[in-house]
Amino acid sequence: MSGATEYAKALFLLSEEENNVDITVSDAKTVLEVLKKNPEYRNLADPPALPTQEKVALTDEAFQGIDGTLLSLMKILCEKREFHSLPRVLTEYLAAVDEARGILNVTAITAVPMLERQTDAMKKKLEDMTGKTVRLENTVDPKVLGGVRLRYAGVQLDSTLESRLTALEKSLKSAIV
């Protein structure tokens, strides 16, 4: 297990113990957004040239008002010069919360945006198939000629026209005439 996974697991257990998972989830999403918009902050919090106390104070000041457990974790990462791993830690934390709540995040990649009725039907089918609550995101990729490619929990299901044509081509090449 990686360090990020261990930190995420610890954050999950602490936020559950303190009964503030929803607050920590909200704050984790906020921190991820801040780091996404300001990637230079991750680099600022790790260099050895900046004294540890100063890095911790900067983190405390920049993220005041967020969940105390999350802020403590961020300060620990500063002290260990591992602040750069914070996005991965938070992403794994959010995944652990979703897993505990029975939520499956699915990305449906299509050539054109899916209609609401198509999204609803796909969600229902996936929920019936997995027994979980599905959070479906539709991503448009013009390279997809038709059909849909689903990605979730490390699995990819590909029923695009391209994959079907590739399978047909392999089948025809292997056929003995």
Side-chain angles (χ1 to χ4, degrees), residues 1-110 113-114 119 122-123 126-127 130 132-144 149-157:
M1 217 179 286
S2 75
T5 303
E6 290 295 327
Y7 286 125
K9 186 177 177 181
L11 181 61
F12 176 69
L13 292 173
L14 284 169
S15 65
E16 254 192 343
E17 186 178 298
E18 295 172 358
N19 202 26
N20 66 348
V21 173
D22 290 332
I23 293 167
T24 306
V25 163
S26 176
D27 288 349
K29 288 177 180 178
T30 300
V31 170
L32 280 170
E33 191 61 34
V34 167
L35 294 176
K36 186 178 178 181
K37 289 180 180 176
N38 305 289
E40 67 280 355
Y41 189 82
R42 271 193 308 189
N43 301 327
L44 175 68
D46 279 338
L50 193 60
T52 301
Q53 287 177 325
E54 204 171 319
K55 289 188 278 190
V56 170
L58 284 171
T59 300
D60 205 15
E61 184 180 328
F63 293 99
Q64 64 184 340
I66 67 166
D67 172 62
T69 305
L70 177 55
L71 186 57
S72 293
L73 172 65
M74 293 168 65
K75 291 177 187 180
I76 289 168
L77 291 174
C78 278
E79 290 169 354
K80 293 183 176 266
R81 292 195 350 226
E82 294 182 21
F83 196 84
H84 62 277
S85 67
L86 182 61
R88 184 165 171 224
V89 171
L90 296 180
T91 300
E92 289 192 28
Y93 168 75
L94 295 172
V97 171
D98 285 347
E99 178 69 27
R101 292 179 173 177
I103 297 171
L104 182 64
N105 292 299
V106 178
T107 302
I109 303 160
T110 56
M114 294 172 63
T119 303
M122 183 167 293
K123 273 180 65 171
L126 289 168
E127 287 174 346
T130 63
K132 296 186 177 202
T133 302
V134 172
R135 189 182 295 144
L136 185 65
E137 176 189 348
N138 181 215
T139 302
V140 175
D141 182 355
K143 294 177 192 167
V144 175
R149 182 177 300 128
L150 297 176
R151 289 188 183 143
Y152 61 92
V155 174
Q156 177 168 293
L157 300 176

Could you check whether [X] pairs with [Y] (Lys NZ or Arg NE/NH1/NH2 to Asp/Glu carboxylate O, under 4.0 Å)?
{"X": "E137", "Y": "R151", "value": "no"}
{"X": "K29", "Y": "E33", "value": "no"}
{"X": "D22", "Y": "R101", "value": "yes"}

| Who are the ring-ring contact (aromatic ring centres under 6.0 Å, His included) partners of F63, not counting sequence neighbours? | Y41
Smallest separation among heavy atoms of [X] and [Y], with atom names:
{"X": "P113", "Y": "V140", "value": "N-CG2, 3.6 Å"}
{"X": "A4", "Y": "E92", "value": "C-OE1, 4.0 Å"}
{"X": "T130", "Y": "V134", "value": "OG1-CG2, 4.4 Å"}
{"X": "Y93", "Y": "V21", "value": "OH-O, 3.7 Å"}
{"X": "N138", "Y": "A108", "value": "ND2-O, 2.9 Å"}
{"X": "D67", "Y": "D27", "value": "N-OD2, 2.6 Å"}

| said: Pair E82, R88 - check salt bridge (Lys or Arg N to Asp or Glu O under 4.0 Å), show working. | reply: CA-CA 11 Å; E82 294 182 21; R88 184 165 171 224; over 6 Å; no
Hey, does the side chain of [X] reach the backbone of [Y] with a donor-acceptor pair shorter than 3.5 angstrom?
{"X": "S26", "Y": "I23", "result": "no"}
{"X": "D141", "Y": "T110", "result": "no"}
{"X": "N38", "Y": "V34", "result": "yes"}

Is any side-chain heavy atom of [X] less than 4.5 Å from a side-chain heavy atom of [Y]?
{"X": "L126", "Y": "L150", "value": "yes"}
{"X": "R81", "Y": "K55", "value": "yes"}
{"X": "L71", "Y": "K75", "value": "yes"}
{"X": "L11", "Y": "T69", "value": "yes"}

Find the distance between [atom1] ([X]) and [atom2] ([Y]) and round it off to the nearest 0.5 Å.
{"X": "T59", "Y": "E79", "atom1": "OG1", "atom2": "CD", "answer": "9.5 Å"}
{"X": "L104", "Y": "D98", "atom1": "CG", "atom2": "CG", "answer": "9.0 Å"}
{"X": "L73", "Y": "L77", "atom1": "CG", "atom2": "CG", "answer": "4.5 Å"}
{"X": "N105", "Y": "L136", "atom1": "CG", "atom2": "CG", "answer": "10.0 Å"}
{"X": "F12", "Y": "E99", "atom1": "CZ", "atom2": "CD", "answer": "9.5 Å"}
{"X": "I109", "Y": "T139", "atom1": "CD1", "atom2": "OG1", "answer": "6.0 Å"}

| said: I'd like to know whether F83 forms a side chain to side chain contact (heavy atoms under 4.5 Å, CB included) with I76, so could you lay out the CA-CA distance, the side-chain angles of the two residues, the decisive distance to 0.1 Å, and finally the verdict. | reply: CA-CA 8 Å; F83 196 84; I76 289 168; over 6 Å; no
| Criterion side chain to side chain donor-acceptor pair (under 3.5 Å) on E127 and T133, from CA distance to verdict | CA-CA 6 Å; E127 287 174 346; T133 302; 5.1 Å; no
| query | More than 12 non-hydrogen atoms from neighbouring residues, nucleotides or ligands closer than 6.0 Å to CG on L14, yes or no? | reply |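 Buried by this count: over 12 neighbours within 6.0 Å.
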| message | Check this for me: Q156, atom CD, are more than 12 non-hydrogen atoms of other residues, nucleotides or ligands nearer than 6.0 Å? | response | yes
